[in-house]
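Worksheet: the structure to be examined is printed underneath.
Just follow the structure's listing: the first ligand is 1, and inside any ligand the first atom is 1.
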Amino acid sequence: MRLNEINGIGEKTEKIFYRAGIEKVEDLLTYYPRYYDTFEEPVLVRNLECDRTQAIYATVVRNVEVKRIRNLQIITGYLRDSEGYALRAVWFNSAYLKGKLHIGDTFVFRGFVKESRGGFEISQPKIYGIREYNKKMGEMQPVYSLVSGMTNNIVQKAIKQAFNLTEPTENIPKSVKEKFNLIDKSVAIKAIHYPKNYEDMQLARNRLIFDEFFYFIITLRNLKEKNDITVNENKLEEPKEITDLINNLPFKLTNAQLRTWNEIKEDIASDRVMNRLVQGDVGSGKTILAVLLVLTAALNGKQGAIMAPTEVLARQHFEFVTELIIKNNLNLNVAILVGSLTAKEKRLAYEKIESGETDIVIGTHAVIQDKVHFKDLAVAVTDEQHRFGVRQREMISEKGNHPHIMVMSATPIPRTLAIIMYGDLDISVIDELPAGRKPIANCVVGTEYRPKAYNFIEKQVDSGRQVYIICPTVEYSEAVEGENVIEYSEKLNKILHPGIKIEYLHGRMKPSEKNEIMGRFARNEIQVLVSTTVVEVGVNVPNATVMMVENAERFGLAQLHQLRGRVGRGQYQSYCIFINGSGKKDAEKRLEILNKSNDGFFIANEDLKLRGPGDFFGVRQSGDFEFKLGDIMNDADVLKDAAMAVDLVEKGKLPVSDEEKKILKDIQCNSINI
Ligand code: ADP
Ligand code: MG
């Protein structure tokens, strides 16, 4: 049903909604709230806390003051609470308030409280009558993600109407619902938008997460069935050049790497096509295995491709492969295929890939574009698999003549969950780091530690090393607390001594800018790189020895572990400084897990133990399996239930009617980005 069926949505608003991914009326129902605003008990002035949204019950004691600064009209209200303590309220461009706020009137004012000119100031508070506020107090108001031009109010109104126009269909068999105590789909969807209370919302959330996982697992099972019967049309033997190349490497492969390489070799020579996940902690040396595999394909006269999630990473792999080919005098052509190539460069690359002149392609998503036709693709590797979806895995396997698929992941998830999440793949684990690595020294500290940290950073740079500093956001925003890359690097420029070159990096920069900055960092032309988590994935600069993470409490442990993996990649002792910007004890407890161990799998398991129910507005833990609501770590119990449910249905232990079977078949996992 088209969006313009909804009152108040015309062509213009429709376009805005499209940008938020809402294309039809039905999509509104699954546009779940990001969180809920709860109306807290009003407090007294002496109990106010700065830099938080609070409600205060106060009386107007003077007429409002109106000032004008250029286009901006500033209205100041003077208020007192029941104990006689004063505070100010400030609004912008809200002239109508003059008629609303009379001396002696008492209201509830709810807004962001700041300290200003020695007193408290509440900024742009909403004004409620006392009875009106009391009624709201227990309620949970849904807050939605917005794109520019959208307001929470518009979304709320649209969703209200959508419920009158369409109804969600039940998509889980009745027997499963009963067995796992799930509420109805339509009840759940209603309650996720308008929960009566916390428990109500929990039940709804539980049900909807179950759906996401259930259908994810069903999709995987279907894939596995397909894989299991796919005949290997690209039987590959290890050429002699590979043995020589391994012997010529500047390092000795670890036992875990050798074991995995043997598993891969067995797969590609067998009767069935390979579908293998190589899971190994950051720095365990997965890249070389991907490279050995594509070289093997190329030396067998076929083609190989490696797909990485970022251009920076793709270029790094490209350089690594090129170097190996030159060093070992191999007569092979490697091409890079990334978004920032010019149209002409791309066209040329497509031609060479199609004609077979290119033996190995390394790139980003650009590799699976429709325009790319391989002559004889025999192996396809995706690095940092969690950044790609199952869908993309399928797309690449459709590119050639049933190529062997290898996916690599450093997301340390406990084995019990890995078996569920990668149900269609065989798993190799690289559970050993190269010898001679010095364990990273960690600390979890408060913001008061910063001066010491900066001192330490200067010393490291003076001795030739480099530093990453991670901030959670790109630029200042009132809505999000925490340090931002742009202001932080400005600040740092004033603090660190002038000989130190500082630059910043974030995901909103153009790929060419990002490449340029990463390139300069790799060549040590930049010593301190202030960045968002874009450096999280796989980047390799062995000279970098310090990773400092601001607002570490805002990140999942898996993500922090990935970030930490950017250092400790060379011969130098490396350090990781996690700054707990919240000062909160529970955040510290969680971060301490990182302090205890450098082993990603241990961390993931501990993290899983620490989680209690209701932790879910916090950070996502699992890296990047992009479910709408579910998080495989936070919601591990639901995930296990869903896996069990799929098992029971497949084994016929839970009855499914013909009609239900049809629904199961039809589900395309549309709502889930897998
Ligand atoms: P990841 O598993 O995180 O992708 P990489 O493949 O990027 O790790 O390897 C990290 C670093 O370790 C690279 O500089 C790589 O050359 C090096 N390396 C890989 N295998 C070994 C080994 N067996 N011994 C020593 N260094 C190795
Ligand atoms: Mg890697």
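Those atoms of ligand 1 that come under 4.0 Å of a heavy atom in Thr254, given as number and element, are 23 (N). Against a heavy-atom cut-off of under 4.0 Å, Leu253 is close to the following atoms of ligand 1: 23 (N). The distance from ligand 1 to the heavy atoms of Val282 drops below 4.0 Å at these ligand atoms: 3 (O). For ligand 1, the atoms lying closer than 4.0 Å to a non-hydrogen atom of Thr287 are 4 (O), 5 (P), 6 (O), 7 (O). Shown in contact with Asn540 at under 4.0 Å from a heavy atom are these atoms of ligand 1, numbered in order with element: 13 (C), 14 (O).
Residues satisfying the ring-ring contact (aromatic ring centres under 6.0 Å, His included) test with His506, not counting sequence neighbours, are Tyr504. Among residues two or more places apart in sequence or in another chain, the salt bridge (charged side-chain N to carboxylate O under 4.0 Å, His left out) test is passed with Glu345 by none.
Counted by atom type alone, His317 and Asp383 present one or more donor-acceptor pairs between their side chains at under 3.5 Å. Residues Gln316 and Asn540 bring no donor and acceptor atom of their side chains to less than 3.5 Å of each other.
In Lys252, the part holding a heavy atom less than 4.0 Å from any atom of ligand 1 is the backbone.
A donor-acceptor pair is defined here as one N or O able to donate and one able to accept, closer than 3.5 Å; such a pair exists between the side chain of Asn551 and the backbone of Glu483.
Backbone and side-chain nitrogen or oxygen atoms of Gly283 are examined, and one is located within less than 3.5 angstrom of a nitrogen or oxygen of ligand 1. Among the atoms of Gly285, some N or O lies under 3.5 angstrom from an N or O of ligand 1.
Using a 4.0 Å heavy-atom cutoff, Ser284 is listed among the residues neighbouring ligand 1.
Aromatic ring orientation, Tyr488 versus Tyr454: perpendicular (interplanar angle above 60°, classes split at 30° and 60°).
Applying side chain to side chain contact (heavy atoms under 4.5 Å, CB included) to Thr322 and the options Ile326, Ile325, Leu324 leaves one that passes, Ile326.
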